[in-house]
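Okay, so here's the structure we're looking at.
In what follows, every chain begins at residue 1, and chains take the letters A, B, ... in the order their sequences are listed. All values derive from a computational prediction rather than experimental measurement.
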Amino acid sequence: MLKVQDLKAAYGRVSAVKGVSLEVAEKEIVFLIGPNGAGKSTLLKIVSGLHRPSGGTISFAGAEIANQTPETICRRGLVLVPEGRHIFGTLTVAENLFLGTTIRNDRAQIRADIDEVLAIFPILRERYNSAAVYLSGGEQQQLAIARAMLQKPRLMMIDEPSLGLAPLVIDQVYESLRQLNAKGMTLLVIEQSTARVTDLASRVYVMRNGKIVLHETKASLGDGSSLTDAYFGDARHAAEQLAR
Amino acid sequence: MRLLKQAWPVLGLLLPLAVIVLLADQFGSISVERSVTEALIKIVTVVGLYIFIGNSGVVSFGHVSFMAIAAYATAWQTCCSALKPITMSGLPDFLRSHTYPVLPAGISAAILASIAAFVFGLILMRLSGIAASISTLAALFILNVVYSNWDKVTMGTASIVGLPTYVTPWLAFAVAGLAMVIAYLFQISSWGLALRATREDEVAARASGISVYWMRLAAFTLSGLVMGMAGVLHAHFLGTISVDTFFLSLTFITLTMLVVGGMRSLSGAVLGVVVISFVTDILRRMESGVSVSGQEIAIPAGSQEVVLAVVMLLVLIFRRDGLTKGREFAWPFARRQSISETKHGDA
Amino acid sequence: MLNFIQVLFDAAALGSLYALVALAIGLVFGIMRLINFAQGDYLTIGAYALVVPTASVTPPLLFGALPWPLMVAGVLATCIIVALLTERIAFRPLRNANPATLLISSFAVSYFLQHALMLVHTGRPKSIAMGSSLAQAIDIFGVRIPGVQLVTMTVTVSLLIGFVILLKKTAIGIQMRAAAENFQMARLLGVRANKVIAFGFALSGFLAGIVSLLLVAQTGTLDIKMGIMPVIFAFFATVIGGMGSLAGAALGGFLVGVTSVLLQAYLPPDLRAFRDAGVFALVILVLLVRPKGLIPSSASRERV
Amino acid sequence: MLAQDGGLHARDVHVAFGGLKALKGVDLKLRQGEVLGLIGPNGAGKTTMVNVLTGFQAATTGDVTLDGRSLKGLGPRNVARAGVARSFQAARLFRDLTVRQNLEVAAIGSGKKRKEARAKADALLDWIGCADKAAMLAGSLPYGDERRVGIARALALSPKFVLLDEPASGMNDQECDELMLLIAGIPDKFACGVLLIEHNMQVVMGACRRVHVLDNGKSLAEGTPAEMRANDEVRRAYLGSKNTGSQVI
Amino acid sequence: EEKPIQIGFAIAESGWLHNYDGPPFKAAVMRIEEINKAGGLNGRKIEYKVIDTKTERERSATAGAELVEAGVDLLVVSCDYDFGAPAALAGNQAKIITMSLCAADPKMGVQGVGPYAFTANSAAQSEGIAIAEYAQKKLGLKTAYVLEDLTIEYNKSACAGFRAAWINGGGEASILGNDTFKNDDPSIAAQITRLKSLPTQPDAVFVCSFTPGGASAVRQIRAAGVELPILANTAMVDNYWLNSAPGLKNFYLAAFMSLYGDDPRPEMNKFVEDHKARWNEAPVSSYAVLGYSLIEQWAYAVEKAGGTDSDKVLEVMNTYKDQPFLVGPTSYTPELHIQTARPWLIMKVENESFRAVEIYRNSFTPSMELLFRVGN
Ligand SMILES: Nc1ncnc2c1ncn2[C@@H]1O[C@H](COP(=O)(O)OP(=O)(O)OP(=O)(O)O)[C@@H](O)[C@H]1O
Ligand SMILES: Nc1ncnc2c1ncn2[C@@H]1O[C@H](COP(=O)(O)OP(=O)(O)OP(=O)(O)O)[C@@H](O)[C@H]1O
Ligand SMILES: [Mg+2]
Ligand SMILES: [Mg+2]
């Protein structure tokens with residue numbers, strides 16, 4: 001469904017993504033993990049059209065989408081929940097959710113869908129008409145995810161969904177994502193904690209230093225120890241030093 | 001060497017300026033010499049703006065008022081002994097019937113501007129962000145209205161004519177240097193640092209024990225002093241002053257210089273003045289006609305401003321943080337490491 | 001003795017005019033964090049579109065010669081086009097620049113428009129016979145009500161209501177506010193953000209056109225600087241009303257106009273010259289008491 | 001320091017935002033030399049509590065005392081100078097200042113001279129392992145470093161108490177471990193009490209002896225991490241049955 | 001062959017002041033060309049040089065300094081006192097005769113700029129005085145109301161002159177009230193309300209202003225149904241703004257000349273014809289004649305003095321007593337370098353155009369206190 005080939009990108013002279021290829025098939029849940037600064041967020045930003053690649057190709061559902069604008073990519077059904085919430089603080093919760101339905105044509109269905117996400121995140125119903133800026137950190141994160149769900153994407157890319165969420169809510173979020181996936185939505189998720197990965201992943205990519213260093217499928221994943229090694233690399237070493 | 005390096009941001013600016021002044025003084029025509037002097041006075045003005053705006057991040061529209069205050073103060077002390085008792089009859093006797101030497105007059109005028117800045121600041125600095133900016137604009141208007149109608153003291157909207165004109169390029173250069181040193185010392189002082197922290201994040205600065213109010217007030221007062229210096233120079237360069245000189249267009253052009261140069265650094269403030277003054281001067285000369293290989297060509301009168309506006313827009317669009325991107329000029333003899341400090345902004 | 005009702009009416013009329021300009025300033029601020037000084041030049045250009053562009057001091061009429069519906073359409077279209085052009089050429093590339101840069105760029109745009117206009121029309125004020133019938137006053141129970149002022153008040157009230165509904169209730173309004181706050185995120189949600197923001201500018205051009213018609217009908221003169229003071233007052237109005245809040249902007253504009261007229265009417269003769277100082281002092285006072293403005297928008301608040 | 005009413009003490013704090021009651025009578029006592037965890041569901045009022053303790057938010061009713069002295073009406077700056085420092089849920093570094101200057105500012109804010117401030121900053125940078133980044137602009141720091149610098153900046157005030165709001169969010173397991181050690185070491189190294197808000201149970205369990213649970217603006221429970229994990233109410237309201245946060249690979 | 005005489009113009013060729021400097025400058029050039037055609041001044045050709053001040057004070061000062069440096073024999077500066085003075089100072093310091101095209105402020109003279117400075121215009125006060133006297137004596141108006149535009153000093157001076165003359169003729173009580181406005185006020189509704197609420201309506205309203213604010217004020221006054229005679233200062237002369245007040249009647253002011261062929265002085269009508277021949281158009285503004293007479297006045301003195309030596313020329317000019325020039329009889333004294341009682345052409349508006357009424361010379365002349373507006 002999504003196929004990224006030899007993608008490269010830089011911020012000024014600093015190159016952040018150095019030739020990445022990855023694939024997401026229909027109905028998969030694919031995880032992208034890796035240490036801070038690996039380039040994960042940058043990769044998703046490129047795919048969603050927020051950042052220009054300096055090389056490589058991206059095809060989504062058979063069409064080339066590299067260098068298209070974010071709104072056209074979104075309208076094709078490829079949606080990004082970027083890291084750091086990005087809710088509209090000056091708008092109310094209701095308006096934020098309404099914006100999630102911008103690209104939809106099935107107006108009739110919207111009301112019911114909003115009710116559905118409000119059932120998943122009851123706190124949003126409580127704060128439905130207050131300005132989103134007043135929500136607590138975790139509440140804002142829930143709003144961001146709920147809004148993306150309303151977009152009904154074919155492929156949802158989420159950058160660190162669990163950021164700032166209470167453990168209980170993390171469970172709920174992943175449970176809902178699993179259900180959506182079961183209904184046919186494809187997922188590409190960046191996650192810091194490897195704990196979730198082994199549970200849900202159909203496939204995992206580990207990224208370090210702008211490159212994919214490991215690619216495991218559900219079958220080859222096992223208990224995930226290969227992930228941990230690839231993930232941390234020499235970082236462990238540093239931590240031990242620090243502890244001393 | 002370390003001292004030299006510490007002082008570089010100022011020295012690195014002063015040396016090229018000194019060369020320009022020297023050249024203008026030795027080889028330039030009257031009009032070149034005067035253009036250079038004018039630009040140097042603008043440097044004092046924009047550096048004055050920079051001390052407050054650059055370090056606090058609050059755009060002030062009111063600063064040229066302090067130029068006006070100083071310009072009038074020095075005029076009251078030095079101008080037109082014959083006409084003064086008649087046309088400025090509302091002045092207190094020590095001003096009305098006495099004339100003072102230019103140096104103490106200039107100094108006291110700049111100090112008065114700084115006191116005025118302090119007093120205005122006591123009220124205005126309570127506000128933040130756009131409310132602060134807009135109230136400085138309101139202050140500019142208030143001062144303008146008062147000085148325009150306080151007939152017996154300011155001669156209303158009429159010009160005061162006949163101030164001693166003692167400002168030479170070298171004097172302007174010296175004062176510009178002084179202004180830059182003042183700005184730089186403030187910038188590297190702990191107050192300057194604290195103020196720049198409030199510019200980055202007011203909330204976090206409060207949480208770090210910084211008083212946003214007092215830091216801003218200090219910078220406002222100090223920049224009032226430098227604006228006062230600029231006002232004195234302006235008055236004694238032209239020989240005439242009037243209220244409407246110190247109003248919107250001067251505010252806009254000096255702010256533009258600051259932003260085009262890069263409002264977050266002293267180098268930006270100076271570079272902005274130099275570049276815009278230079279472009280303006282070139283365009284002006286083109287308007288009055290230049291001969292290129294024997295042919296007289298001129299651009300239509302009035303197109304100077306249009307072109308200048310386009311230049312300013314282009315700079316802003318392609319360098320939105322200004323020509324210097326808000327950095328000081330890098331120490332030219334540095335090894336790579338310390339360059340990273342100056343370059344990191346573009347990452 | 002001054003006729004108090006008449007003074008109130010005068011005050012309300014000027015207040016409405018400022019409110020109308022403030023509405024445009026507030027609208028553009030709302031969608032771009034830009035205080036657009038060029039708003040004044042939009043309206044100046046709109047006014048000058050009534051006459052043929054020449055250096056002559058008594059130019060023949062251009063749009064001013066058309067029957068009034070066409071004339072209104074012509075002026076509005078001119079302002080909208082100018083607003084859109086400035087958005088496209090100057091402001092769009094600067095999106096998300098810091099407020100100071102944006103502000104200065106609007107100075108530059110304003111400087112450009114003003115001097116370009118001056119190149120064509122020269123700096124000499126021109127006069128124009130237009131809308132004289134509208135300028136005539138009618139007498140209702142002893143209160144003199146000039147037609148222009150009546151129109152100004154009606155237009156202001158209806159546009160304010162219209163705009164508030166547009167921004168709060170319609171999809172494009174919500175999208176506009178979203179794009180204003182976080183342009184990239186809005187695009188990620190499929191909002192055609194460039195178009196939406198351009199639409200906002202078009203609205204500000206529309207408002208400029210209306211103001212220029214009302215102003216010309218009132219004063220009968222064209223001047224390169226005719227937009228400056230209305231915009232400065234509107235600028236104050238938007239801030240004391242509460243940046244980013246349309247109702248606030250309108251209220252602020254109203255307040256500034258009303259204060260100005262009341263001071264003019266009731267200050268003793270010796271102090272009348274200081275009328276504007278009073279208005280500006282009021283601005284500072286309001287801000288000291290309510291730094292976020294009279295009707296703060298939620299945008300202006302911040303959670304720690 | 002063991003005076004009768006030593007420590008940072010919030011008594012019966014209520015905070016209402018319009019109709020919404022964010023805190024409904026919370027008592028919280030933070031003692032010198034301890035790391036107290038403050039956990040609870042999203043929107044429970046944790047950040048609001050920090051805001052009250054640091055003068056950013058006036059309590060509707062209730063009082064906060066520091067070593068017996070009321071902090072009422074002091075405002076953020078004076079609370080910070082009195083010895084209560086904080087970090088923010090979003091790091092809020094001074095982006096266009098260098099990392100060292102970020103810390104210097106806080107040291108200056110606590111009343112230090114320029115020289116001392118610089119020394120303090122360098123010492124703290126060493127401690128968080130960012131000495132090599134001292135001259136970088138704070139805005140260009142990677143996420144993890146940003147968090148650590150935020151903590152160091154709070155400590156640069158030489159506070160008696162430091163309040164950390166979700167310092168580990170966005171960090172990977174590895175960095176969380178490091179951070180946990182760092183935080184656990186603060187009381188000894190800086191003679192300073194710590195209030196730690198965190199959703200990552202791994203960090204909370206590792207760094208705190210005592211945990212206070214807020215739910216819906218009220219105190220739900222207080223005790224050792226183990227007790228809290230075993231507490232049914234806490235599990236139901238906050239941790240969830242899987243208790244994911246504490247799963248360690 | 002003798003070295004040509006040099007005249008330097010430090011005037012605005014762009015910016016708003018150009019509108020005021022342009023017409024008298026063209027007329028000045030006409031006079032220079034006439035002199036050259038007649039064989040020059042004392043046998044020497046006159047050359048002239050212009051430096052654009054761009055309506056900026058700094059440019060004005062620089063232009064003045066440059067022209068002084070270039071050795072001009074006469075320095076001509078901008079119409080406006082504020083913008084002319086910086087250049088004039090340079091001329092005066094170099095002891096060069098310096099004349100403003102049309103500053104209406106006596107400070108463009110001995111007491112302000114210095115002993116070598118002159119202006120070709122009359123003092124603004126005398127505009128107010130002339131129209132006040134004329135209205136009282138010839139139009140039989142008894143009471144007046146003054147509407148003062150505070151934006152520039154010129155208006156305040158004209159109003160001061162008007163008040164002094166009106167009170168002189170009709171007593172304190174004959175001024176029924178004063179009000180103020182600003183040129184860029186979008187509306188003067190409040191001022192009109194005050195005027196209409198006066199217990200007794202005045203016989204006339206004096207509006208001291210300039211365009212566009214003045215035109216806008218006149219339009220609003222008439223639109224409000226106030227049909228009283230409106231008296232105005234000279235800046236409101238010429239037809240170009242009349243569009244804004246269609247059907248305007250009962251509007252009077254004191255002017256220099258008529259551009260519309262009905263000037264009672266034939267030489268004025270010839271001047272307009274000559275101007276058309278030289279510049280392909282009639283003068284845009286009746287201020288033009290001031291530029292013509294400026295050159296006349298100086299050239300006459302140079303002839304008399306037998307050379308361009310400033311002190312000698314100054315001596316001659318200081319003795320002018322009703323010396324006849326095109327614009328009218330001109331007087332200077334060593335103390336005063338501005339006209340206070342030059343005859344005016346009273347004009348009124350009728351059928352969408354200004355019409356010459358008659359020449360009128362004010363008998364009340366402003367004292368030094370009034371000229372320098374001390375004590376008001
Ligand atoms: N706006 C930016 N400007 C300059 N450099 C950037 C920018 N954003 C990211 N980088 C750099 O690019 C690299 C990759 O960053 P990216 O955010 O993609 O990493 P990540 O894997 O998402 O990390 P994290 O886990 O912290 O979110 C890092 O070195 C980062 O410092
Ligand atoms: N200024 C405010 N105006 C209105 N409501 C507010 C304001 N500040 C906080 N709230 C509300 O108060 C409640 C408590 O918020 P708080 O930020 O303290 O939660 P929290 O415990 O820190 O949550 P999280 O773990 O998600 O950060 C939330 O429901 C929030 O929406
Ligand atoms: Mg990331
Ligand atoms: Mg929180």
Side-chain angles (χ1 to χ4, degrees), chain B residues 53 57-59 123-124 126-146 148-151 156 202-204 206-207 248-249 251-253 255-256 258-260 263 300-318 320-322, chain C residues 29 33 35 37 89-94 96-105 107-120 122-123 228 232 235-236 238-240 243-244 271-288 290-293 300 302 304:
Chain B
I53 298 177
V58 178
V59 176
I123 300 166
L124 300 180
R126 301 201 172 280
L127 297 164
S128 299
I130 198 113
S133 299
I134 198 74
S135 49
T136 56
L137 183 61
L140 173 72
F141 273 87
I142 290 177
L143 200 100
N144 182 270
V145 171
V146 170
S148 297
N149 293 291
W150 196 12
D151 290 4
E202 221 178 297
V203 168
R206 288 218 165 86
L248 289 178
S249 49
T251 302
F252 290 163
I253 192 74
L255 273 178
T256 305
L258 181 60
V259 171
V260 162
M263 65 175 234
S303 49
Q304 172 212 316
E305 286 84 358
V306 177
V307 180
L308 184 66
V310 172
V311 171
M312 294 189 304
L313 261 180
L314 288 178
V315 171
L316 292 175
I317 288 175
F318 291 103
R320 57 170 61 176
D321 290 320
Chain C
F29 181 83
R33 310 280 106 181
I35 295 165
F37 262 86
I89 295 169
F91 299 129
R92 188 177 296 185
L94 279 167
N96 295 330
N98 68 55
T101 305
L102 276 171
L103 187 69
I104 297 295
S105 72
F107 291 160
V109 170
S110 163
Y111 198 72
F112 176 87
L113 294 176
Q114 219 177 85
H115 286 95
L117 205 58
M118 193 121 105
L119 269 183
V120 179
T122 78
I228 293 181
I232 297 263
F235 186 10
F236 286 121
T238 341
V239 177
I240 62 172
M243 295 275 5
L271 289 181
R272 253 174 245 160
F274 298 95
R275 173 196 76 194
D276 286 347
V279 178
F280 301 124
L282 175 87
V283 168
I284 295 181
L285 206 69
V286 168
L287 287 177
L288 282 174
R290 303 200 56 143
K292 304 280 182 209
S300 60
E302 190 190 15
V304 177

Region of Leu282(C) in contact with chain B, defined by heavy-atom distances below 4.5 Å: neither
Side chain, backbone, both or neither of Leu113(C) within contact of chain B (heavy atoms, under 4.5 Å): neither
Structural part of Leu314(B) lying under 4.5 Å from a heavy atom of chain C: neither
Separation between OG of Ser249(B) and CD1 of Ile228(C), rounded to the nearest 0.5 Å: 9.0 Å
CG on Leu137(B) to CZ on Phe280(C), rounded to 0.5 Å: 7.5 Å
Distance in Å, Ser128(B) OG paired with Lys292(C) NZ, rounded so as to fall on 0.5 Å steps: 7.0 Å
Per-residue contact mode, Ser148(B) against chain C (heavy atom under 4.5 angstrom): neither
Least distance between heavy atoms, Pro291(C) atom then Ala131(B) atom: O-CB, 3.5 Å
For the student: nearest non-hydrogen atoms of Met263(B) and Ala100(C), plus distance: SD-CB, 3.7 Å
Proximity breakdown for Asp321(B) and chain C, heavy-atom pairs closer than 4.5 Å: side chain
Beyond-backbone contact of Leu313(B) with Ser105(C), side-chain heavy atoms, under 4.5 angstrom: yes
Under 4.5 Å from any heavy atom of chain C - which part of Leu127(B): side chain
Heavy-atom pair count under 4.5 Å with chain B, highest-scoring of Leu288(C), Ile35(C), Asn98(C): Leu288(C)
Considering all heavy atoms, the nearest Ile142(B)-Ala277(C) contact: CG1-O, 3.8 Å
Heavy-atom pair of closest approach, residues Val145(B) and Ala273(C): CG1-O, 3.7 Å
Closest non-hydrogen atom pair between Ala97(C) and Arg320(B), with its separation: N-NH1, 3.3 Å
Minimum heavy-atom distance Tyr111(C)-Ala309(B), with the two atoms named: CD2-CB, 3.8 Å
Residue Phe107(C) versus chain B: region with a heavy atom under 4.5 Å: side chain
Region of Leu143(B) in contact with chain C, defined by heavy-atom distances below 4.5 Å: neither
Side chain, backbone, both or neither of Val306(B) within contact of chain C (heavy atoms, under 4.5 Å): both
Nearest-0.5 Å distance that lies between atom CZ in Arg92(C) and atom CD1 in Ile317(B): 12.0 Å
Side chain / backbone / both / neither for Leu103(C) at chain B, heavy atoms under 4.5 Å: side chain
Choice from Pro300(B), Ser303(B), Gly322(B) maximising heavy atom contacts with chain C below 4.5 Å: Ser303(B)
Ile232(C) portion near chain B, given a 4.5 angstrom heavy-atom threshold: side chain
Toward chain C, the part of Leu248(B) with a non-hydrogen atom under 4.5 Å: side chain
Heavy-atom proximity to chain B below 4.5 Å, by part of Leu94(C): both
Interatomic spacing from CZ in Arg126(B) to CD1 in Ile284(C) - rounded to 0.5 Å: 13.0 Å
Side chain proximity check, Phe141(B) to Asp276(C), heavy atoms < 4.5 angstrom: no
Side chain, backbone, both or neither of Phe235(C) within contact of chain B (heavy atoms, under 4.5 Å): both
